[in-house]
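Letters A, B, ... are given to chains in the order of the sequence lines, protein chains preceding strands, and every chain is numbered from 1. Keep in mind that what you see is a predicted model, and the values were worked out from it rather than measured.
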2 protein chains.
Amino acid sequence: MGQSGRVDRVERAARGGAEATVTPTTRRRDARRSRERLLAAAAELFAERGYAGTSLRAVAERAGVDAALVARYYGGKDGLYRAVLAADPVVSPVVDESDEGHEADDEARRRAADELAGLLARMVDRWENGPATTVGQNVFRCDLDDAAAAATAERVGERVLPLLRAAAEPPGGPDSELRAELATVVLLGIGVARTAGTLPALAAADPEELGVYARALLDTVLGRR
Amino acid sequence: MGQSGRVDRVERAARGGAEATVTPTTRRRDARRSRERLLAAAAELFAERGYAGTSLRAVAERAGVDAALVARYYGGKDGLYRAVLAADPVVSPVVDESDEGHEADDEARRRAADELAGLLARMVDRWENGPATTVGQNVFRCDLDDAAAAATAERVGERVLPLLRAAAEPPGGPDSELRAELATVVLLGIGVARTAGTLPALAAADPEELGVYARALLDTVLGRR
DNA sequence: AAGCGATGTCATCGTACGATGACATCGCCG
DNA sequence: CGGCGATGTCATCGTACGATGACATCGCTT
């Protein structure tokens, strides 16, 4: 609404030759920009309304782009959804797993604790500022086709589980996988339920305070008393 | 499939006058039976595929009933969905709240502990046998219209929260509402994520063992060390 | 047995959706 | 500046859906 379909063409001349030749950000026809806007709009709408509840026309309208471009750039609704899942940060930064096993046990343990604290801090930040990610929501979705479920599992498996697994006490102990997944349920569940808004006190709670409870729950399930 | 549309008409004569006049279970045309089958099929499909992903034709087919009857008995898709939510047990038995405040503090506390244990046992049983309920799933759904969200909140508020609130330690203490809702996230989240199947170890875990972890998590968040 | 309300069946309407291909317009390169 | 690929726009197709009303059939009541 507002934003009358046609974008401003004013700054057309502003495209001096100065900018990097590879990203001419101010082009009237810019496939990259169109793709990005489609992806961003789709991420929002899929998160808000789910897959079946989201129409490509609605995505295109929010992106300020023609719906036919979805077919061109993502092959169709499925492809767009897969792209959204692939680009979903789940929780902001990428977990760096490049080095493992190169350090002493206690150092590894301390580092795991630090990373757990970092993960929790990022979750709290997300609870304050943003809605639950599509991947996070999908962990609690029973109406997923196989492809979406696989993409979701892969995303959680690479962005969340390793960190929680490493923080389990003892690391690699019995049930460490189950413990990590239970911790995932707690962490993501709080955020998703908060976004859903069905639990009023949870939706209204101060994220910092939620973080305290989440921390206690994590310590319990991960075996760190 | 199988079940070629037409149901057996064989036992038609079996309707002896012996049965209760009010429930002639063996009638060829039985609105009550049709309503129930529609409701059951709808509960399954809404849980499996969500609201937007479920078509009335699919519901009618699973129920072995004509789709037009949905309009007759439930007014439409919305009405059918509301009926499903209203009939959703969430967790099997009804919480009996008829008497409160009539007992000494310690007795009330003991009773709350008993009921918490009962709730957990029922949840474990549900994890073993059944899929997550629609209401349970809705707690983690961000794509709900207001009516569905309200119905879900009401259902959780009357069937789950009171019990957890009473079990919080100290009862009625600070954050007791938030604590109860966090406990709800844990209890329902485990079941829903299990049904979703995105977390493999959780999906494969023994429900009894899950119950142990859930108990520890509940004790943590409810303040009963 | 007759009549009438309850129940089930069928055909169809209007709409929204995803997909597709033809066409228009742009911007870069020679 | 002229052509050509890239990008955007538009019209339209086929399908599935929810809803509705007309009609057929049943079964209870009298």
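- Contacts between residues 76-84 of chain B and DNA chain D, defined by a heavy-atom separation under 4.0 Å, are made by Gly76(B), Lys77(B).
- As rounded to whole Å, 13 Å separates atom C1' of dT7(D) from atom CG of Leu38(A).
- A salt bridge (Lys or Arg N to Asp or Glu O under 4.0 Å) check over residues 128-144 of chain A, counting only residues at least two apart or in different chains, returns the pairs Arg141(A)-Asp143(A), Arg141(A)-Asp143(B), Asp143(A)-Arg141(B).
- Base pairing of dA22(C) is made with dT9(D), judged by Watson-Crick or G-U wobble geometry with both donor-acceptor distances under 3.5 Å.
- The ring pair (Phe, Tyr, Trp, His ring centres under 6.0 Å) search around Tyr81(A) returns Phe46(A), Tyr51(A), not counting sequence neighbours.
- Within a 6.0 Å radius of CG in Asp146(A), no more than 12 heavy atoms belonging to other residues, nucleotides or ligands are found.
- When each of Asp66(B) and Arg35(B) is assigned the nucleotide of DNA chain C bearing its nearest heavy atom, the one mapping closer to the 5' terminus is Arg35(B).
- Per the geometry, CZ belonging to Arg72(B) stands 12 Å off C1' belonging to dA24(D), to the nearest Å.
- Minimum atom distance to the side chain of Ala68(B) is reached by dG21(D), of the listed dG21(D), dT7(C), dA24(C).
- To the nearest angstrom, C1' of dA16(C) lies 14 Å from CD of Glu61(A).
- Atoms OH (Tyr73(B)) and C1' (dA19(D)) sit 17 Å apart, rounded to a whole Å.
- Separating the OH atom of Tyr74(B) from the P atom of dT20(D) is a distance of 18 Å, rounded to the nearest angstrom.
- Distance, Arg29(A) CZ to dG5(D) C1': 11 Å, rounded to whole Å.
- In this structure, Leu69(B) places its CG atom 15 Å from P of dG18(D), rounding to the nearest Å.
- For Ala58(B), the side chain to side chain contact (heavy atoms under 4.5 Å, CB included) partners two or more places apart in sequence, or in a different chain, are Leu45(B), Arg49(B), Ser55(B).
- Listed pair Ser34(B) / dG8(C) meets the phosphate criterion, a side-chain N or O lying under 4.0 Å from OP1 or OP2.
- Taking a 4.0 Å limit (strictly below) on heavy-atom distances, residues 43-59 of chain A does not reach DNA chain D anywhere.
- The ring pair (Phe, Tyr, Trp, His ring centres under 6.0 Å) search around Tyr74(A) returns none, not counting sequence neighbours.
- Under the salt bridge (Lys or Arg N to Asp or Glu O under 4.0 Å) criterion, no residue pair touches residues 77-91 of chain B, with sequence neighbours excluded.
- Between Asp30(A) atom CG and dC28(C) atom P the separation is 10 Å, expressed in whole Å.
- Every residue two or more places apart in sequence or in another chain was checked for a salt bridge (charged side-chain N to carboxylate O under 4.0 Å, His left out) with Glu154(A), and none qualifies.
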Just list the side-chain donor-acceptor pairs under 3.5 Å for residues 198-208 of chain B, sequence neighbours left out, or say none.
| from | atom 1 | to | atom 2 | distance (Å) |
| --- | --- | --- | --- | --- |
| Asp206(B) | OD1 | Glu208(B) | N | 3.4 |

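- Classification of Glu36(A) and Arg32(A) as a salt-bridged pair holds, one side-chain N sitting under 4.0 Å from a carboxylate O.
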